[in-house]
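Below is one structure, written out as structure tokens; the observations come after it.
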Amino acid sequence: AQSVSQHNHHVILSEAASLELGCNYSYGGTVNLFWYVQYPGQHLQLLLKYFSGDPLVKGIKGFEAEFIKSKFSFNLRKPSVQWSDTAEYFCAVPSSGGSYIPTFGRGTSLIVHP
Amino acid sequence: NAGVTQTPKFRVLKTGQSMTLLCAQDMNHEYMYWYRQDPGMGLRLIHYSVGEGTTAKGEVPDGYNVSRLKKQNFLLGLESAAPSQTSVYFCASSRQGGFYEQYFGPGTRLTVT
């Protein structure tokens with residue numbers, strides 16, 4: 001079965017610092033890859049997604065992610081974080097089962113100090 | 001276009017009571033999901049549906065039942081609530097399975113005392 005690992009569970013940064021959150025998945029077939037963000041007290045919303053083509057994907061609010069097929073990774077990056085980026089970040093991929101139900105990582109809690 | 005809506009937003013139950021959470025989507029999506037979110041546990045899939053009239057168990061189905069009688073609605077039932085079911089519940093929908101973006105509802109915060 002597909003699994004998703006997010007290695008950083010809690011990240012604390014100061015404003016203007018660079019961010020990289022790791023995401024690794026186990027299934028080597030065709031994958032669509034997603035990052036979702038959950039701001040405090042809110043529901044999850046899509047940050048960015050990779051379906052095919054350019055492995056460097058740009059999302060909302062200056063976020064980007066790079067799909068590296070050989071490493072089964074889809075790391076999220078932002079060159080300069082802001083206080084408003086404080087949130088929980090989830091990586092997701094389709095499962096390898098017949099229904100291709102989304103499989104989520106455990107999430108990374110990001111706190112940005114002003 | 002409301003997207004995904006959930007009712008109620010908050011609820012407090014006593015142990016043993018029952019309740020139903022309603023999820024509705026207006027995007028004509030085939031797939032619908034119920035998740036629970038607990039601190040440090042991420043999102044855990046309770047049940048899901050791949051189309052009207054179908055339901056399937058997810059990762060943590062015990063103590064919950066679901067129904068999808070209409071394509072736009074997905075109901076989550078707790079027959080006999082337990083304190084361990086205190087959580088935030090999110091409904092989501094997607095056009096098909098995990099190859100498509102999921103759209104989430106605002107959540108229901110449930111406390112069982």
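Per chain, numbering begins at 1; letters A, B, ... match sequence-line order.
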pair [X]-[Y]: side-chain heavy atoms closer than 4.5 Å:
{"X": "B/Tyr103", "Y": "A/Leu46", "result": "no"}
{"X": "B/Leu45", "Y": "A/Phe104", "result": "no"}
{"X": "B/Tyr35", "Y": "A/Pro102", "result": "yes"}

Between [X] and [Y], is there a shared hydrophobic cluster once you connect ILVMFWY residues whose side-chain heavy atoms come closer than 4.5 Å?
{"X": "B/Leu22", "Y": "B/Val4", "result": "no"}
{"X": "B/Leu76", "Y": "B/Met19", "result": "yes"}
{"X": "A/Phe63", "Y": "A/Ile60", "result": "yes"}
{"X": "B/Tyr89", "Y": "B/Val60", "result": "yes"}
{"X": "B/Phe74", "Y": "A/Ile101", "result": "no"}

Checklist entry - Hey, which residues of residues 35-45 of chain A are touching chain B, say heavy atoms under 4.5 Å apart? => result A/Tyr36, A/Gln38, A/Gln42, A/His43, A/Leu44
Next on the checklist: Checking an interface table here. Which of residues 36-43 of chain B come within a heavy-atom distance under 4.5 Å of chain A?
Outcome noted: B/Gln37, B/Gly40, B/Met41, B/Gly42, B/Leu43
Checklist entry - If you draw a 6.0 Å radius around CD in A/Glu15, do more than 12 non-hydrogen atoms from other residues or ligands fall strictly inside? => result yes
Item to check | Atom CZ of A/Arg77 with >12 non-hydrogen neighbours under 6.0 angstrom | outcome: yes
Checklist entry - Any idea which of A/His10, A/Glu88, A/Lys49, A/Arg106 has the most non-hydrogen atom pairs under 4.5 angstrom with chain B? => result A/Arg106
Checklist entry - Side chain, backbone, both or neither: which part of B/Tyr100 has a non-hydrogen atom closer than 4.5 Å to chain A? => result backbone
Item to check | Ring centre gap for A/Phe51 and B/Phe99 strictly below 6.0 Å | outcome: no
Item to check | Among the listed options B/Arg44, B/Gln96, B/Gln102, B/Glu59, the residue most often paired with chain A at heavy-atom distances under 4.5 Å | outcome: B/Gln102
